[in-house]
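Side-chain atoms are counted along with the backbone in the values below, which use heavy atoms only and exclude waters and symmetry mates. Everything quoted here is computed from the prediction, not taken from an experiment.
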Amino acid sequence: MGLVHCTGSVRLRGEEMVGRKAFEIANLGIGYVPESRDIFPTLTVEQNLLLGQKSPRQAVAEPWGLDDMYRMFPRLEERQHTQAGVLSGGEQQMLTLCRSLLGNPEVIMIDEPTEGLAPKIVELVARYLQELKARGISVLLIEQKLAIALEISQRVYIMGHGAIVFEGTPAQLADAAAVRREWLEV
């Protein structure tokens with residue numbers, strides 16, 4: 001997302017992303033949901049959401065709208081006039097996810113969306129991820145809850161000590177007992 005220095009190459013539709021500014025990367029179709037949530041605490045829920053919308057000249061054919069966000073997460077609609085800083089952690093996570101979606105990304109990177117959330121909110125986030133999949137949005141998901149990740153994944157990458165130690169499909173991971181034993185099981 002242009003937030004840290006990196007080397008190598010990252011491409012979307014053949015266009016290089018490395019070296020670009022974060023707003024350029026977002027305008028090219030990549031959304032980002034940070035683990036830290038990064039809401040604007042003094043703005044209302046609705047103001048936070050509106051900040052995520054693309055301008056009309058950048059809109060895609062079937063853009064996400066506020067109604068979509070409120071349908072997925074009715075709690076946000078209930079709290080639309082509330083300052084975001086007083087929301088619970090789960091509500092802030094919903095807000096961050098929705099704000100990113102309102103940018104209508106082709107690809108969305110989501111970092112630990114269930115971190116520190118109550119089980120009911122984890123279920124909501126899992127449903128949200130399923131909806132992204134159903135709408136054809138590519139998701140790069142960084143997640144420690146393996147069941148959720150495997151449920152929506154077509155490809156799985158496992159990192160250990162800063163390197164990729166496994167790459168394959170969920171079915172291939174199910175067959176890779178040694179990898180699971182060393183890197184995933186307790």
Side-chain angles (χ1 to χ4, degrees), residues 1 30-49 51-52 64-105 107-160 165-177 179-186:
M1 285 306 297
I30 298 179
Y32 176 56
V33 179
E35 179 182 0
S36 57
R37 299 184 181 116
D38 295 344
I39 51 106
F40 296 95
T42 60
L43 299 180
T44 66
V45 165
E46 188 164 295
Q47 289 168 331
N48 268 271
L49 291 172
L51 285 173
W64 292 87
L66 283 176
D67 290 343
D68 294 312
M69 302 304 106
Y70 292 150
R71 181 182 45 76
M72 280 193 299
F73 296 116
R75 184 72 175 141
L76 291 181
E77 184 172 26
E78 294 169 15
R79 307 220 40 197
Q80 65 185 307
H81 302 296
T82 303
Q83 282 191 335
V86 301
L87 300 178
S88 70
E91 291 168 337
Q92 288 182 11
Q93 184 66 297
M94 291 178 213
L95 179 58
T96 303
L97 292 166
C98 290
R99 186 183 61 212
S100 294
L101 265 189
L102 285 168
N104 295 300
V107 177
I108 189 165
M109 297 186 300
I110 306 175
D111 189 4
E112 297 282 354
T114 64
E115 179 69 28
L117 300 182
K120 280 190 159 192
I121 303 299
V122 169
E123 288 176 27
L124 275 175
V125 171
R127 282 198 310 251
Y128 165 89
L129 294 172
Q130 286 291 354
E131 182 152 346
L132 294 182
K133 181 180 180 180
R135 285 191 64 167
I137 295 174
S138 297
V139 176
L140 174 59
L141 177 66
I142 297 90
E143 178 59 61
Q144 291 184 8
K145 289 181 176 58
L146 188 59
I148 290 171
L150 291 177
E151 193 174 304
I152 68 159
S153 297
Q154 293 175 313
R155 301 285 308 159
V156 176
Y157 297 85
I158 297 174
M159 289 186 73
V165 296
F166 173 83
E167 174 186 347
T169 65
Q172 289 169 323
L173 179 60
D175 292 338
V179 171
R180 287 193 332 274
R181 191 170 35 256
E182 177 154 356
W183 298 103
L184 301 174
E185 297 170 358
V186 178

The test is side chain to side chain donor-acceptor pair (under 3.5 Å); show your working for Glu46 and Tyr70 and say whether it passes.
CA-CA 10 Å; Glu46 188 164 295; Tyr70 292 150; 3.2 Å; yes
Check against side chain to side chain donor-acceptor pair (under 3.5 Å), Thr42 and Gln83:
CA-CA 6 Å; Thr42 60; Gln83 282 191 335; 5.6 Å; no
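Separation of atoms SG (Cys98) and CZ (Phe73) is listed at 5.0 Å; rounding is to 0.5 Å. Between atom CE of residue Met69 and atom CG of residue Leu101 there is a gap of 4.5 Å, rounded to the nearest 0.5 Å. If you take CD on Gln130 and CZ on Arg135, they are separated by 14.5 Å, rounding to the nearest 0.5 Å. Taken to the nearest 0.5 Å, the CG atom of Leu129 stands 4.5 Å off from the CD1 atom of Ile152. The distance from atom CD1 of Ile142 to atom CD1 of Ile110, rounded to the nearest 0.5 Å, is 8.5 Å.
Shown here is Gln154, whose CD atom has no more than 12 heavy atoms of other residues, nucleotides or ligands within 6.0 Å.
A donor-acceptor pair shorter than 3.5 Å cannot be found between the side chains of Thr44 and Gln80.
Checked against ring-ring contact (aromatic ring centres under 6.0 Å, His included), Phe166 has no partners two or more places apart in sequence or in another chain.
Nearest approach of Val165 to Met159, heavy atoms of both residues: CG2-C, 4.3 Å.
Between Arg71 and Glu131 there is a salt bridge, with a side-chain nitrogen of the basic residue lying less than 4.0 Å from a carboxylate oxygen of the acidic one. The pair Arg75-Glu78 meets the salt-bridge criterion, since a charged nitrogen lies less than 4.0 angstrom from a carboxylate oxygen.
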